[in-house]
Amino acid sequence: MANRAKKSQMEHVSVPPLSSVAICGGTHGNELTGLYIVREMQKKKIEKVGSVSITTIVTNPRASEAGRRYIEMDLNRCFTDVLLSSPITESTPYELRRAQELNAQLGPKGSTDAVDLLIDLHNTTANMGLCLIFYTLDWITLHIYKYIQNKMSSVPVRVIQLEVPISAAYALESVGKRGFAIEVGPQPNGVLRADIFNMVKETVDLTLEWLQEFNSGHSFEGGTVEAYTLVKSVDYPRDSAGKMTAAIHQDLQDNDFKLLRSGDPIFLTFAGETLKYEGEDLYPYFVNECAYYEKKIAFHLARKKTFSFPSICAKKD
């Protein structure tokens, strides 16, 4: 991608049309926006929009029914090549069985039979606004991002890139030929907010709108976009027994994507001491995400990069 991103914006490329899209919700059963969007689409029997066939899936039905993030293990960590090819036994966790079912239905991952575009809908308790999360930034996904960003000018729209080989990519969206997660917050687990529901619904609708225009022969101009690329994760301070000794400092709380500079406060110990950040200036996100306590992550840190992409149109037969 790095070499391709350096190509001139004046270049024009043609790419085969996209005929199949999967829209998934409930990968985490207590993140309700995607779950209710998928259920609404299923109720309305939305199975095709113009030339694009649409598959809607409640990805973790047991966890969704129970109102829990997962039953036995995090489904959104089950889609690496190693886990997808692991043998199923009596002791195999439910989510790993489900991941292999989804891979068979929407993939197989890395194959020509995989769905053209996979969109997985998530919520975060962090103050991240509207984010698209990609493993692979290609011309299609960059154009979709730019289109959404232009159409939703009243809402900050950001992209996070996880620079992980697809074989090691662990999230559901990696099963499609291309894909992304839509991550929106803040929204508490088990809660549905109308403003966030509408924001995600508009994002899905705009994606389908872009696909229709693209498939019908519309040419989209090239340009540039900024993306946040993951550098590292930061854990909470802990004692010798592994117990947390501090919380996110109030100056960092709710300030996702605000540049973090060396010397800025990041933690406040339970004894009242302020702990400061040391290191390269980076951008924090997923700050104080509820679900990451078990993963021992207080926040992620990212660099901001600029990606260029050429004009694009659908390749004609």
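Atoms considered below: every heavy atom in the structure, side chains included; atoms not considered: hydrogens, waters and symmetry mates. Fair warning: this is a prediction, and the values are worked out from it, not measured in the lab. Positions are given from 1 along the sequence.
Shortest non-hydrogen contact noted between K109 and S174 is NZ-OG, 3.4 Å. For the residue pair I196 and P186, the shortest heavy atom distance occurs at CD1-O, 3.3 Å. Of all non-hydrogen atoms in S308 and L142, the two that sit nearest each other are O-CD1, 4.5 Å. Across Y236 and I248, no two heavy atoms sit closer than the pair CE2-CG1, 4.0 Å. Minimum interatomic distance between L118 and E173 (heavy atoms only, all atoms of both residues): CD2-CA, 3.7 Å. Heavy-atom minimum distance, G67 versus N30: O-CB, 3.5 Å.
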*Mind running side chain to side chain contact (heavy atoms under 4.5 Å, CB included) on L252 and F267 for me, showing each step along the way?*
CA-CA 8 Å; L252 176 58; F267 295 111; over 6 Å; no
*Might you work through the side-chain hydrogen bond (donor to acceptor under 3.5 Å, both in side chains) test for S311 and E11, ending with a clear yes or no?*
CA-CA 6 Å; S311 300; E11 182 187 2; over 6 Å; no
_I'd like to know whether E289 forms a side-chain hydrogen bond (donor to acceptor under 3.5 Å, both in side chains) with T124, so could you lay out the CA-CA distance, the side-chain angles of the two residues, the decisive distance to 0.1 Å, and finally the verdict._
CA-CA 7 Å; E289 160 61 42; T124 174; 2.4 Å; yes
*Worked verdict on K296 versus D235 for salt bridge (charged side-chain N to carboxylate O under 4.0 Å, His left out)*: CA-CA 5 Å; K296 296 186 176 181; D235 189 12; 5.8 Å; no
*Evaluate side chain to side chain contact (heavy atoms under 4.5 Å, CB included) for I182 paired with I133, printing each intermediate quantity in order.*
CA-CA 6 Å; I182 299 175; I133 301 179; over 6 Å; no
*Residue pair T141, F309: steps toward the side chain to side chain contact (heavy atoms under 4.5 Å, CB included) verdict*: CA-CA 10 Å; T141 52; F309 51 93; over 6 Å; no
*asked:* Quick one, R98 with E101, criterion salt bridge (charged side-chain N to carboxylate O under 4.0 Å, His left out). Give me CA distance, side-chain angles, the key distance, then yes/no.
replied: CA-CA 5 Å; R98 182 63 178 148; E101 291 173 1; 3.1 Å; yes
*Test side chain to side chain contact (heavy atoms under 4.5 Å, CB included) on I312 and I140 and set out the steps.*
CA-CA 8 Å; I312 194 171; I140 293 285; 4.0 Å; yes
*Show your working on side-chain hydrogen bond (donor to acceptor under 3.5 Å, both in side chains) between N123 and E31 and close with a plain yes or no.*
CA-CA 5 Å; N123 293 118; E31 297 176 6; over 6 Å; no
*asked:* Pair Y285, Y228 - check ring-ring contact (aromatic ring centres under 6.0 Å, His included), show working.
replied: CA-CA 9 Å; Y285 67 95; Y228 295 86; 7.5 Å; no
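No side-chain N or O of N60 forms a donor-acceptor pair with one of T27 less than 3.5 Å apart. A donor-acceptor pair shorter than 3.5 Å cannot be found between the side chains of Y135 and E163.
Look at E95 and R77 and you find no salt bridge, because none of the NZ, NE, NH1 or NH2 atoms lies under 4.0 Å from a carboxylate O. Salt-bridge check for K43 with E40: passed, with a basic side-chain N closer than 4.0 Å to an acidic carboxylate O.
Applying the ring-ring contact (aromatic ring centres under 6.0 Å, His included) rule to pairs touching residues 181-205 yields nothing, sequence neighbours excluded. Pairs of residues two or more places apart, or lying in two chains, that qualify as side chain to side chain donor-acceptor pair (under 3.5 Å) and include a residue from residues 242-259 are Q253-N288. Residue pairs satisfying the ring-ring contact (aromatic ring centres under 6.0 Å, His included) criterion with at least one member in residues 22-71, sequence neighbours excluded, are listed as follows: H28-H122.
Taken to the nearest 0.5 Å, the CG atom of L121 stands 12.0 Å off from the NZ atom of K201. Atom SG of C78 is separated from atom CG of N103 by 11.5 Å, given to the nearest 0.5 angstrom. In this structure, CD1 in I37 is found 8.5 Å from CE in M41, a value given to the nearest 0.5 Å. Considering CG of D120 and CG of L106, their distance stands at 10.0 Å, rounded to 0.5 Å. Interatomic distance, CG of L211 versus CD1 of I144, reported as 5.0 Å (0.5 Å rounding). Distance check: T229 OG1 to L282 CG gives 9.0 Å after rounding to the nearest 0.5 Å.
Side-chain atoms of N198 do not come within 3.5 Å of backbone N or O of D195 as any donor-acceptor pair. Here the side chain of T274 pairs no donor or acceptor atom with the backbone of L268 at under 3.5 angstrom. Not one N or O on the side chain of R39 forms a donor-acceptor pair closer than 3.5 Å with the backbone of V58.
Under the 4.5 Å side-chain heavy-atom criterion for ILVMFWY residues, no single connected hydrophobic cluster contains both L35 and L75. I23 and V175 are not part of a single hydrophobic cluster, where members link through side-chain heavy atoms under 4.5 Å apart. Both I297 and I160 are members of a single hydrophobic cluster when ILVMFWY side chains are connected at heavy-atom separations under 4.5 Å. Hydrophobic clustering keeps M199 apart from V191 (ILVMFWY residues linked when any side-chain heavy atoms are closer than 4.5 Å, directly or through intermediates). Note on V15 and L117: same hydrophobic cluster, where clusters join Ile, Leu, Val, Met, Phe, Trp and Tyr whose side-chain heavy atoms are under 4.5 Å apart, directly or indirectly.
Using a 30° and 60° split on the angle between ring planes, H218 and F220 fall in the perpendicular class, above 60°.
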Residues 45-56, side-chain donor-acceptor partners within the protein, below 3.5 Å, at least two apart:
unit_1: S51; atom_1: OG; unit_2: N215; atom_2: ND2; d: 3.1
unit_1: S53; atom_1: OG; unit_2: S19; atom_2: O; d: 3.1

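F134 pairs by the ring pair (Phe, Tyr, Trp, His ring centres under 6.0 Å) definition with F180, not counting sequence neighbours. Annotation: ring pair (Phe, Tyr, Trp, His ring centres under 6.0 Å) contacts of F286 (sequence neighbours excluded): Y292, H300.
By the 6.0 Å contact criterion, CD on E278 is open, its count of non-hydrogen atoms from other residues, nucleotides or ligands being 12 or less. Remark: K276 NZ is loosely packed, at most 12 non-hydrogen atoms of other residues, nucleotides or ligands lying under 6.0 Å away.
For the salt bridge (charged side-chain N to carboxylate O under 4.0 Å, His left out) with E226, the qualifying choice from R303, K304, K305 is K304, the only one to do so.
Two residues are said to be in side-chain contact when any heavy atoms from C-beta on lie closer than 4.5 Å; L102 and F79 meet this criterion.
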